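Down below is the structure, laid out as structure tokens.
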Amino acid sequence: MTPRGQATTTRDTTLLLAGLAVAGLAAATPDPARAQSAAPGAAVLLDAVTVEGRGDGAEATARKRLEAIPGGTALVVDEDLAGKANVTVSDALAGVPGVVVQNFFGGNDQPRIQIRGSGLQQNPVERGILALQNGLPLNRADGSYIVGLANPRQAELTEIYRGYTANRLGASVLGGAINFVSPTGSSAPGVRLGVEGGSFGQLNTTAQAGGRAGNLDGLIQFQRSRRDGFRDYNSSERTGFDANVGATLSDTVSTRFFAGYTDLPFDVAGPLTRQLLNARPESVFTGPTLVNGVATNPGPNVVRDRPQREARQFRVGNRTTATFGSHLLDVALGYTHTDDRFRFPVSSGIRKTEGGDVTAVARYAYNPDSNQPLPLFETTVRYVIGSADREDYLNVAGSQGALFGRSRMDASTLALHSGFNVPLGAGVTLSPAVTITHATRENDDTFGAARRPTIAFNPANPRVALPAGSIPTVGTGYDRDYTGVSPSLGATWKPHPDHTLFAAVSRNFEPPTHDDLIATINGTPNSSAGRPNPAQPAFISAAYRTPDLKAQTATTVEAGWRGRLGVVAVDAGTYYSWVKNELLSLRDVTGVSLGAVNADQTRHFGVDLGLTANLTDRLSGRLAYTFQDFRFHDDPVRGGNRLAGAPRHVINASARYDVTPALSVQAEVDWYPGKTPVDNMNTVHTSGYATVDLRTTYAVTERVSVYGEARNIFDKTYASSTLIVDQASATQAVYLPGDGRAFYAGLKVNF
């Protein structure tokens with residue numbers, strides 16, 4: 001029999017070689033002037049002429065294709081982020097209606113991103129959206145992802161596909177997809193350097209160099225950032241490297257290779273009680289206290305357990321595009337290796353996950369009419385396969401303790417999408433399509449020992465350890481497969497060049513991830529998994545839960561309008577989803593995981609509204625409004641309650657005034673009016689809030705610019721996000737404070 005370690009090494013090596021092999025095969029055949037859009041029909045074509053800065057053709061072509069899709073889409077360009085310091089995913093997506101981002105700890109960490117409520121209740125968020133970079137996934141093969149690995153600062157375009165519009169990319173999740181498109185040597189020639197810093201120990205440095213020679217181009221980016229943080233235990237760092245090289249192999253064939261690496265460690269400052277949030281939002285929690293033998297103020301002991309995450313990901317890939325008259329073939333192949341070390345509070349322990357994933361994507365489009373923004377026929381095949389080793393250790397006051405679990409996790413996801421975009425005349429286009437998804441999730445329990453160790457601390461004196469214990473080992477293995485068919489029918493009507501109306505009905509299919517299928521349970525804020533009573537080391541209790549979950553499905557109807565009324569551009573849409581078996585990640589009254597469950601039926605209703613206007617030659621404005629009403633439907637316990645964690649109203653508004661051609665000032669407001677339920681029983685809520693930011697940019701010369709930013713200028717104390725629990729207590733630590741008033745300044749130089 002092959003030793004386990006040798007088998008693990010062999011399998012990882014096989015995955016790596018497979019990724020490099022398929023990339024090598026693709027090299028035999030895309031264009032250095034192509035940005036790697038995920039929009040239907042191929043990569044985005046840039047202007048053939050080399051220009052200073054980004055080619056406008058990329059933005060114009062991507063916008064044209066996205067706006068032609070009968071559903072919710074959006075595009076963010078790098079100019080939208082001008083003057084912002086420490087640009088995070090939250091900053092990049094703040095102005096996109098229908099995309100809700102709630103900060104956890106204020107740095108390069110793990111904000112909660114949700115579109116249409118998909119993956120809403122995970123802590124940390126790891127499901128519900130297909131996250132892409134240059135059309136290749138940041139997600140692992142089981143659909144999970146680490147949101148902090150996405151870096152909008154290194155993207156020149158960010159494409160957003162809400163709901164079923166992402167099906168054509170090989171995704172079928174309710175939330176949709178986000179694609180971060182890197183600049184190329186043709187779109188961003190020259191050298192760019194930047195430095196910025198300010199409050200909370202923030203310091204960022206960036207460097208970028210790109211160029212083109214003949215039929216070759218290349219670009220390399222580097223970013224280093226660090227931050228002490230607003231709170232007492234809140235430091236974070238990020239080191240990122242990204243490079244791509246493209247070549248034109250013929251008039252019809254081009255290829256581009258990608259490589260990237262991200263190192264992202266950050267402290268998990270954890271939640272506070274409402275009292276601490278209001279009195280000392282910069283503090284961290286020290287766990288529940290005993291009053292007359294009864295635990296009050298439940299929550300994790302951050303000071304003792306020192307939760308932290310260290311995520312590293314290496315990416316390599318290739319995209320090749322070939323055109324043959326009306327036919328286009330786009331092939332993407334890649335490999336990612338992810339090393340994720342998460343030190344949770346004692347109730348979950350220390351989780352180490354390391355493994356690799358191979359992705360293969362093939363797109364074919366037939367477009368006999370070049371005047372049409374979408375191809376007449378398109379089909380996409382996306383296959384991802386991966387394996388990972390996971391180890392669970394006891395968290396002994398912030399140090400790694402004994403091993404109590406080990407697993408080998410395998411996953412694969414195969415998605416096939418085919419659809420038409422048929423012009424019917426009179427400005428009407430009909431878009432029928434179907435997506436078929438097959439997924440496997442397999443876990444092999446490789447722990448081996450007869451008993452799993454447990455630890456606990458004295459609730460009356462949380463720094464004092466109680467006698468260690470152990471429980472009998474119960475296997476956690478499973479072998480699940482999921483198959484779903486997701487048809488859709490969309491239609492657009494363009495009665496006028498400035499107006500497009502759309503409507504669609506669609507199905508979605510989302511299998512659970514490994515983090516849904518296996519969870520540590522039965523711990524407390526003072527004891528490890530499998531020990532629900534710290535004082536009883538011999539008490540027998542399960543340490544893991546492996547629920548037999550069903551895939552989440554949804555039927556959605558949506559409609560919208562994109563148009564222009566004078567100087568105002570409007571992007572409006574609404575949707576209603578009948579969701580079945582929604583995947584919810586539940587926590588108990590202390591914040592300890594209960595694992596994932598399938599809710600029987602839920603309903604998701606939303607309205608997305610985006611307005612942009614150039615009011616004068618100097619004054620412009622933007623408004624993004626999101627309305628969400630997500631509810632249980634006839635639930636035997638929760639009735640028609642709202643789903644916890646989803647703010648009902650989200651408003652982002654900004655105005656910019658160009659004082660001179662070189663000097664501009666901007667104000668931005670983030671407003672969350674109303675209360676948001678913290679728990680599914682709707683007994684505890686977080687209050688609404690509004691923050692105001694000011695920024696200015698000044699072009700010293702054509703190549704040198706400076707900028708300054710003041711965030712939360714009124715020093716508002718608020719909870720930017722919360723833990724999500726099934727039933728909360730009024731004194732529970734669930735509130736995650738937003739940053740206080742902060743000031744930043746930056747310098748950018750182009751050569």
Side-chain angles (χ1 to χ4, degrees), residues 29-31 33-49 55-75 135 157 159 161 164-170 179 181 248 250-254 319-332 361-381 416-435 487-504 506 560-564 571:
T29 56
D31 175 14
R34 290 182 186 268
Q36 304 300 309
S37 168
V44 168
L45 282 170
L46 301 183
D47 291 339
V49 179
D56 291 336
E59 177 184 343
T61 306
R63 196 177 299 279
K64 181 180 179 181
R65 284 178 175 158
L66 289 170
E67 291 181 352
I69 296 174
T73 62
L75 185 70
L157 301 173
E159 303 170 325
Y161 302 81
Y164 93 103
T165 62
N167 287 15
R168 61 196 69 214
L169 310 182
N179 182 42
V181 182
T248 301
S250 71
D251 291 341
T252 59
V253 181
S254 57
R319 284 190 67 181
T320 296
T321 301
T323 57
F324 307 97
S326 301
H327 306 274
L328 185 144
L329 181 64
D330 184 29
V331 178
V361 182
R363 300 184 180 97
Y364 166 76
Y366 173 62
N367 191 10
D369 185 354
S370 60
N371 293 321
Q372 295 295 328
L374 298 179
L376 177 63
F377 173 75
E378 56 184 300
T379 188
T380 299
V381 179
L416 170 64
H417 171 86
S418 294
F420 291 87
N421 302 287
V422 184
L424 300 180
V428 177
T429 300
L430 196 66
S431 300
V434 64
T435 303
S488 63
L489 178 63
T492 59
W493 178 38
K494 203 173 183 66
H496 184 274
D498 288 340
H499 299 280
T500 301
L501 295 105
F502 65 84
S506 61
W561 164 51
R562 301 184 183 101
R564 180 171 291 277
D571 187 352

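Residue numbers count from 1 along this sequence. Quantities reported herein were computed from a predicted structural model and do not represent experimental measurements.
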Quiz item: Do Ser418 and Thr379 have a side chain donor and acceptor closer than 3.5 Å?
Solution: yes

Self-check item: Which residues share a side-chain contact (heavy atoms from CB on, under 4.5 Å) with Ser250, sequence neighbours left out
Solution: Thr252, Val253

Quiz item: Between Thr380 and Arg363, which heavy-atom pair has the shortest distance, and what is it?
Solution: OG1-CG, 3.5 Å

Quiz item: Just wondering, more than 12 heavy atoms not from Asp251 lying within 6.0 Å of its CG?
Solution: no

Quiz item: CG of Leu66 to CD of Glu59: how many Å apart, nearest 0.5 Å?
Solution: 11.0 Å

Self-check item: Salt-bridge criterion met for Arg564 and Asp498 (N-O under 4.0 Å)
Solution: no

Quiz item: Got a second to check how far Glu159's CD is from Leu169's CG, nearest 0.5 Å?
Solution: 8.0 Å

Self-check item: With sequence neighbours excluded, residues passing side chain to side chain donor-acceptor pair (under 3.5 Å) with Thr73
Solution: Arg562

Quiz item: Considering residues at least two apart in sequence or located in another chain, which fulfil the side-chain contact (heavy atoms from CB on, under 4.5 Å) criterion with Ser431?
Solution: Pro70, Asn421, Thr429

Quiz item: How long is the gap from OG1 on Thr435 to OH on Tyr164, to the nearest 0.5 Å?
Solution: 10.5 Å

Quiz item: Looking only at heavy atoms, which two atoms of Leu157 and Leu75 are closest? And how far apart?
Solution: CB-CD1, 4.3 Å

Self-check item: Exercise: identify the closest heavy-atom pair between Thr500 and Thr492
Solution: CG2-CB, 4.3 Å

Quiz prompt | Those residues that, when tested against Ser326, pass side chain to side chain donor-acceptor pair (under 3.5 Å) (two or more places apart) | solution = none

Exercise. Could you grab the distance from atom CD of Glu378 to atom NE2 of His417, nearest 0.5 Å is fine?
Key: 5.0 Å

Exercise. Please identify each residue that fulfils ring-ring contact (aromatic ring centres under 6.0 Å, His included) with Trp493, with sequence neighbours left out.
Key: none

Exercise. Could you tell me which residues satisfy side-chain contact (heavy atoms from CB on, under 4.5 Å) with Ala491, sequence neighbours excluded, listed by chain and number?
Key: Leu430

Quiz item: Relative to the ring of His327, is the ring of Tyr364 parallel (under 30°), tilted (30 to 60°) or perpendicular (over 60°)?
Solution: parallel

Quiz item: About how many Å separate CG of Leu501 and NE2 of His496, when rounded to the nearest 0.5 Å?
Solution: 12.5 Å

Self-check item: CG on Leu328 to OG1 on Thr323, rounded to 0.5 Å
Solution: 6.0 Å

Exercise. Quick one: sort the Trp561 and His499 rings into parallel, tilted or perpendicular, breaks at 30° and 60°.
Key: parallel

Exercise. State, to 0.1 Å, how close Arg65 and Pro373 come at their nearest heavy-atom pair, and which atoms those are.
Key: CG-O, 3.4 Å

Quiz item: Considering all heavy atoms of both residues, which atom of Pro368 and which atom of Leu376 are nearest to each other, and what is their separation?
Solution: CD-CB, 3.8 Å

Exercise. Could you tell me which non-hydrogen atom of Arg319 sits nearest to which non-hydrogen atom of Gly135, and how far apart they are?
Key: NH1-CA, 3.9 Å

